[in-house]
Amino acid sequence: MVRGGLTLIHMGAEAKLYRGIYAGVEAVYKYRVPKKYRHPQLDARIRAYRTLREARALMDAGINGIPAPAVLLVEPEEALIVMEHVEGRLLGEILEHVSGRRLEALFRMLGRIVGRMHEAGLIHGDLTTSNIIVTKDGRLVLIDFGLSSKSRRLEDRGIDVHVLLRSLESTVPEAAEHAYKSFLEGYGEEAGASIAEEIAEKVREIRMRGRYVAERRQSSLEAVLHNRE
Ligand SMILES: Nc1ncnc2c1ncn2[C@@H]1O[C@H](COP(=O)(O)OP(=O)(O)O)[C@@H](O)[C@H]1O
Ligand SMILES: [Mg+2]
């Protein structure tokens with residue numbers, strides 16, 4: 001399904017994104033590209049499935065008051081979603097330029113959004129600072145729900161927050177802790193302070209697990225190297 005006047009704006013591993021007009025409004029066309037290494041029929045099913053999953057999550061978010069682009073059209077067979085274009089910049093791009101009160105406000109607001117989303121039973125699945133748009137008037141909008149799921153499990157919520165914290169640390173290591181603290185405050189305002197504390201504890205546990213795995217990898221690598229000497 002090709003419509004006139006589309007401009008490529010992003011080429012990801014899974015999807016190509018175009019900017020254009022749909023039904024008179026500024027829109028983004030997210031098209032999942034075929035993967036040659038997959039069996040064609042299986043490939044078509046996977047792309048249709050992920051397209052549906054993303055469209056459902058976008059609509060679910062909207063219903064629950066979580067800021068996400070409005071869905072304008074879904075064509076699972078074509079692996080295409082057309083959604084509202086959100087004017088703004090990615091959180092990851094502006095992070096280096098914000099600090100102090102503005103950083104706190106931004107992350108408290110993000111905490112409230114994610115807290116509300118998790119309370120609605122929705123897990124984002126790829127909550128990095130590249131999947132959050134900051135609009136000109138300072139609102140936050142979540143995008144890229146292709147890996148989302150429905151769950152109320154603490155573990156799944158914790159992974160969402162862990163992924164966010166990790167991407168925060170890789171963009172602004174010096175401000176990550178400060179921002180995370182504000183995030184948890186906001187999360188608590190929506191989900192309750194005790195849930196926010198449980199999440200923080202879960203994230204600590206997930207991080208320890210990661211470290212443990214990395215250390216084991218390191219020591220078995222050292223053992224191999226040592227034996228070679
Ligand atoms: N609704 C939208 N409005 C504005 N820009 C968008 C929108 N959706 C996606 N983008 C832009 O396209 C990029 C890739 O989209 P995304 O859904 O995150 O795909 P990918 O799975 O490839 O990361 C985003 O980082 C953002 O810059
Ligand atoms: Mg993305």
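Any value given below was found using the heavy atoms of this structure, including those in side chains, with hydrogens, waters and symmetry copies removed. Residue numbers count from 1 along this sequence. Order of appearance sets the numbers: ligands from 1, and atoms from 1 within every ligand.
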Could you identify the single nearest non-hydrogen protein atom to [atom] and state the distance to 0.1 Å?
atom	answer
atom 26 (C) of ligand 1	Ile143 CD1, 3.8 Å
atom 25 (O) of ligand 1	Ser130 O, 3.5 Å
atom 1 (N) of ligand 1	Glu84 O, 3.0 Å
atom 18 (O) of ligand 1	Asp144 OD2, 2.9 Å
atom 14 (C) of ligand 1	His10 CD2, 3.3 Å
atom 2 (C) of ligand 1	Val28 CG2, 3.6 Å
atom 17 (O) of ligand 1	Lys30 NZ, 2.8 Å
atom 15 (O) of ligand 1	Leu17 CD2, 3.4 Å

Salt bridge check, [Y] against [X]: does any charged N sit closer than 4.0 Å to a carboxylate O?
X	Y	answer
Glu78	Arg47	no
Glu222	Arg217	no
Lys136	Glu87	no
Glu205	Arg209	yes
Glu104	Lys181	no
Glu54	Lys30	yes

Close side-chain approach of [X] and [Y], heavy atoms under 4.5 Å:
X	Y	result
Glu201	Arg204	yes
Phe145	His124	yes
Leu164	Asp160	no

| task | Measure from the Mg ion (ligand 2) to each N, O or S atom of Asp126 and report whether any distance is below 2.8 Å. | result |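 Given the 2.8 Å cut-off, Asp126 does not count as a ligand of the Mg ion (ligand 2).
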| Is it true that some N/O/S atom of Thr128, main chain or side chain, lies under 2.8 Å from the Mg ion (ligand 2)? |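 So Thr128 does not count as coordinating the Mg ion (ligand 2).
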| Given the rule in the side chain to side chain contact (heavy atoms under 4.5 Å, CB included) test, do Glu189 and Arg108 qualify, once you have shown the distances and angles that lead to the verdict? | CA-CA 9 Å; Glu189 284 167 27; Arg108 191 161 159 194; 2.7 Å; yes
| With backbone taken as N, CA, C and O and side chain as the heavy atoms from C-beta onward, which portion of Asp126 lies under 4.0 Å from ligand 1: side chain, backbone, both, or neither? |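 Within the 4.0 Å criterion, Asp126 makes no contact with ligand 1.
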| query | Just heavy atoms, cut-off under 4.0 Å: does Ala13 contact ligand 1 by side chain, backbone, both, or neither? | reply |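 None of Ala13 does.
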Enumerated ligand 1 atoms positioned under 4.0 Å from heavy atoms of [X]:
X	answer
Gly12	22 (O)
Pro69	1 (N)
His85	3 (N), 4 (C)
Met83	1 (N)
Asn131	18 (O)

| query | For the side-chain contact (heavy atoms from CB on, under 4.5 Å) test, which of Arg157, Arg116, Arg112 pairs with Tyr187? | reply |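 Of the listed options, the one satisfying the test is Arg157.
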| task | Compare Ile81, Val71, Val86 and give the one whose heavy atom is closest to atom 4 (C) of ligand 1. | result |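 Result: the heavy atom closest to atom 4 (C) of ligand 1 is in Val86.
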| task | Using modelled atom types only, decide if a donor and an acceptor are shared between the side chain of Asn131 and the backbone of Ile143 within a distance under 3.5 Å. | result |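 It does not hold such a pair.
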| task | Tell me which N, O or S atom of Asp144 sits nearest to the Mg ion (ligand 2). | result |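 Going by distance to the Mg ion (ligand 2), the closest N, O or S atom in Asp144 is OD2.
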